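Have a look at the structure below before the remarks.
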Amino acid sequence: MTSLVSFVIGFLWSFAGQQATPAVTKSPQRALLDQYCVTCHNERLKTADLTLDKMDVDHVTKDPATWERVVQQLRARAMPPVGRPRPDKSTYDGFRTWLENELDKNAATNPNAGTTVSFHRLNRAEYQNAIRDLLAVEIDATTFLPEDPKSNGFDNMGGAIKMSPDLLETYMKAAMKISREATGVSVTPQLTTYKLEDDESQDDRSQDLPFGTRGGTEAKHYFPVDGEYLVTVRLVRLGTAAIAGLNDEHQIDFRVDGERVDLTTIGRKGMVTANGGNGAGSGATDPDVAGAKADFQYRLPLKAGLHTLTATFLKKPSLQVDGTRVILDRPAYEAGRTHGLPYISSITILGPQKLSGSGNSPSRKRVFLCQSATRAEETACARQIVTTLARRAYRGSLTDPDIQTLMTFYARGRAEGSFENGVQSALERMLVSPKFLYRIEAPPTIPTDGNYRISDIELASRLSFFLWSSIPDDQLLNLATNGRLKDPAVLEQQVKRMLADPKAKALTDNFANQWLQLVDIENVNHDPIMYPEADKTLRQSLREETEMLFDSIRVENRSLVDLLTANYTFVNEPIAKLYGIPNIYGPRMRRILYPAASPRAGILGHGSVLMLTSHANTTSPVLRGKWILDNILGTPPPPPPPVVPDLKPVGADGKILSLREQMVAHRSNAVCASCHARMDPLGLAMENFDATGRWRTLNENGEPVDASTEMIDGTKIEGPVALRNILVSNSEQFVLTGTNRLLIYALGRGLEYYDMPTVRKIVREAAASKYSFSSLVLGVVKSTPFQMRRVPKNES
């Protein structure tokens, strides 16, 4: 009996133990992946080199790099692929949010500041601005330095812009020329030409030129010393000799700093021209005939400093040539013709030819802080000049050996000439110093295997090159030198001060232009027969429109989302004609409001974007869709395969296919479909805009435009307004993209998986201000990657 009781008790105890250990169940996250993802992303198939069947989704901190890849695909709504089952929106977004939160909590506990290069060369724009702010000399760095390579979409990436022996030699030549111009010492005659592009319109007043004129150009030129300069205004020639439009009288208006210097009459009615006739469009060639010469020269005594020279034509009220009205809405050149009007080709400046003194230019005031009355006082004065300039040039990183090196060069120059020669020699050496040409961030003095805070001096340099693309000013350097810049309140005050400074326009010129790819519009060449209005004047105006929109967001501290939704823009006459806006005349850009629900609202209605995402003779939904994925949504498609089949303009039955029909046929290829399913709907929704950005209702085949489409997730949209509404409904994704680009630009390096929590943190905190521009900039400046640095392996 006892043994039976023991058996029963033992059995019951064993059963109770089994019941107390529940069966292993999957987490909701694991179940979701197993249902929708691991069919493709498993150890056997390894689709896209991503395996999720063995990944520990319940502990994402074990492999944050892989899970950030998953987040990116979920943000793009690219997975599961087209045709495969996918969860409902709330489940989809809920999983992404959970995943991001887990990754962000891990990053907050274990931050990774990332690594930047220790020697970061200034790019061309930064060099130009540094010379301006250091010496008050305006230079065009494109005449000195080659174009900088781009990486991650920007030309200020420390790992991409290197130094070479040839480039170093170029810097040495530039230093000699700039130091001479700044001091007015040993200046030799230089030849500089300001040339107009062949397709730049000159039929009406040009931007910033006097009212009542047409065409021409201006040259903002820095004259290094007081002296005589030879200025040549050249007219456009037709072919090798003939000058257009001289069968009628025209007047060239030449001015310096707005004051008229000369008014020259050229041509005459009835002049016999190159082809023996006297009709519009023919050209005169005989230099002995009054008014037939192509070059007009002026010897001008000019003071040192920056002067503006303009050469243009007085505009005739009727703008007629020999009784024929000029067509105003056509480009300047049509197969070598100029509408029967003379055009300005260039302004050339040669000099100085006769020196009348070093002058009192802004640069000499900046350089020569003191003057010595006796030879004995010169060294002390030179040391004061060298120390003051070098502190700014080297961004506060100035040592006694640095000063001694510069004073040695001063002594050599002084031995060969005057006091000013000595200063020029020291300045030339300063401009080729690594401390000027590079942003240097030294490794920590105490060994560390993790993050370390950069010095206040290094922080000042990061801040000024981020916001100004230039060197710190004295106020910023003083705070850094005194160790106060790291104080959060002081740092925030400095950011706000710097954003309010005119130099902050560098964010528009250098950041926005590259983020939005506006610089590429200069490479756009539309078919002049199909789109004769798409000349350089229009391209420049459209680029300026988008720059001014971004700049208004910066200056007025508006929400970054306004870049998508702004109900205002900036137009001049060429843009107004393209957009169909009445009563806008002249080249001046002015702010206008759009009517409600206008398809033009925001950047997607800008001709700059629409033009640079088109082909020479037709629109390109693929390019437009790719531009949106890359620059608005931050989810660029993968590179195309090596061989991409061309679109077929004619169907199997001989019918001429519309662009939409050609793309449908192209997507029938399974290899092409995966990417085009994401790109094409975005671009097709913008088909009401032609290749130049003009609104249209008929396509290239004369058929009604079909701008209806369906997104990858099944959302149906029709036209640009609906597309914009879709993008705005997920405005956080656009702000994430903009912040991602802003952080890349600020750090001068590409972002890694460990930077993504920082981007999300900046955006979350900026949401309270509705993503105001300053809140995003402050978020970048306060971030760990901006204020700290991780020791590279080769430095530890």
Side-chain angles (χ1 to χ4, degrees), residues 329 521 524 526-534 538 542 545 564-565 569 571 575-582 594-629 632 646-651 653-668 672-673 676-712 714-728:
D329 58 351
I521 200 170
V524 171
H526 281 77
D527 187 323
I529 304 302
M530 295 184 66
Y531 304 107
E533 71 279 10
L538 179 61
L542 291 172
E545 175 197 12
L564 292 179
T565 62
T569 193
V571 301
I575 297 177
K577 285 184 177 180
L578 183 73
Y579 291 180
I581 301 172
Y594 287 129
S598 170
R600 288 284 176 195
I603 194 175
L604 295 184
H606 279 210
S608 59
V609 173
L610 298 164
M611 188 178 280
L612 67 86
T613 55
S614 295
H615 295 306
N617 57 0
T618 185
T619 60
S620 174
V622 173
L623 291 179
R624 289 178 176 177
K626 181 179 181 298
W627 188 91
I628 293 174
L629 285 176
I632 303 298
D646 293 332
L647 296 178
K648 297 179 180 179
V650 180
D653 57 358
K655 176 191 173 185
I656 297 178
L657 302 178
S658 67
L659 187 58
R660 173 184 283 268
E661 291 170 331
Q662 294 177 49
M663 294 176 66
V664 169
H666 186 71
R667 287 201 303 274
S668 63
C672 303
H676 282 275
R678 294 173 56 206
M679 291 188 292
D680 293 1
L682 300 170
L684 287 169
M686 301 172 72
E687 272 294 275
N688 279 114
F689 296 112
D690 74 6
T692 64
R694 189 189 301 275
W695 183 263
R696 63 179 182 173
T697 55
L698 301 177
N699 63 21
E700 291 88 347
N701 297 340
E703 301 168 339
V705 169
D706 181 2
S708 60
T709 185
E710 184 175 325
M711 304 287 282
I712 191 172
T715 303
K716 297 184 185 298
I717 55 176
E718 184 163 352
V721 174
L723 172 63
R724 184 177 67 239
N725 292 339
I726 289 289
L727 297 175
V728 173

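The model shown is predicted, which means the values in this text are computed figures rather than measured ones.
- With sequence neighbours left out, the side-chain contact (heavy atoms from CB on, under 4.5 Å) criterion links Val721 to Pro599, Arg724, Asn725.
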| said: Working note: Leu564 + Ile603, criterion side-chain contact (heavy atoms from CB on, under 4.5 Å); need CA distance, chi angles, decisive distance, verdict. | reply: CA-CA 6 Å; Leu564 292 179; Ile603 194 175; 4.3 Å; yes

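- Residues Val705 and Thr697 fail the side-chain proximity criterion, which asks for heavy atoms closer than 4.5 Å.
- Under the salt bridge (charged side-chain N to carboxylate O under 4.0 Å, His left out) criterion, Glu718 pairs with no residue, sequence neighbours left out.
- Separation of atoms CD (Glu687) and CG (Asp706) is listed at 9.0 Å; rounding is to 0.5 Å.
- Taking both residues in full, the closest heavy atoms of Leu727 and Leu604 are given as CD1-CD1, 3.6 Å, listed atom of the first, atom of the second, then distance.
- Within the 4.5 Å cutoff, side-chain heavy atoms of Leu723 are placed close to those of Leu682.
- Between Arg678 and Leu629, the closest side-chain pair of non-hydrogen atoms falls below 4.5 Å.
- Between the side chain of Asn701 and the main chain of Glu703, no donor-acceptor pair closer than 3.5 Å is present.
- Pro582 and Gly580 make their closest contact through CD-O, 3.7 Å (heavy atoms, listed as atom of the first residue, atom of the second, distance).
- Within the 4.5 Å cutoff, no side-chain heavy atoms of Thr569 are placed close to those of Arg600.
- Nearest heavy-atom pair across Met686 and Arg624 is O-NH1, 3.1 Å.
- Note: Leu578 CG to Leu542 CG = 6.0 Å, rounded to the nearest 0.5 Å.
- The closest side-chain heavy-atom distance from Glu533 to Arg694 is below 4.5 Å.
- In this structure a side-chain-to-backbone donor-acceptor pair under 3.5 Å is present from Asn688 to Arg696.
- Across all their heavy atoms, Ala601 and Thr565 have their closest contact at CB-O, 4.1 Å.
- With contacts defined as side-chain heavy-atom distances shorter than 4.5 Å, the pair Val609/Trp627 qualifies.
- To the nearest 0.5 Å, atom CD1 of residue Ile575 and atom OG of residue Ser608 are 8.5 Å apart.
- The side-chain heavy atoms of Pro621 and Asp680, taken from C-beta on, include no pair separated by under 4.5 Å.
- Although no hydrogens or angles enter the test, the distance criterion places no donor-acceptor pair under 3.5 Å between the side chain of Ser598 and the main chain of Tyr594.
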| task | Start with the C-alpha distance between Glu710 and Thr715, add both sets of side-chain angles, then the distance that settles side chain to side chain donor-acceptor pair (under 3.5 Å), and finish with yes or no. | result | CA-CA 6 Å; Glu710 184 175 325; Thr715 303; over 6 Å; no

| request: Any chance you could lay out the side-chain contact (heavy atoms from CB on, under 4.5 Å) test for Leu538 and Met611, step after step, and finish with the verdict? | output: CA-CA 10 Å; Leu538 179 61; Met611 188 178 280; 4.1 Å; yes

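- Contacts of Tyr579 classified as side-chain hydrogen bond (donor to acceptor under 3.5 Å, both in side chains), with partners at least two apart in sequence or in another chain: Glu545.
- Counting heavy atoms from C-beta outward, Tyr531 and Ser614 have side chains that stay 4.5 Å or more apart.
- A pairwise comparison of heavy atoms in Thr692 and Ala534 identifies CG2-CB, 4.0 Å as the closest pair.
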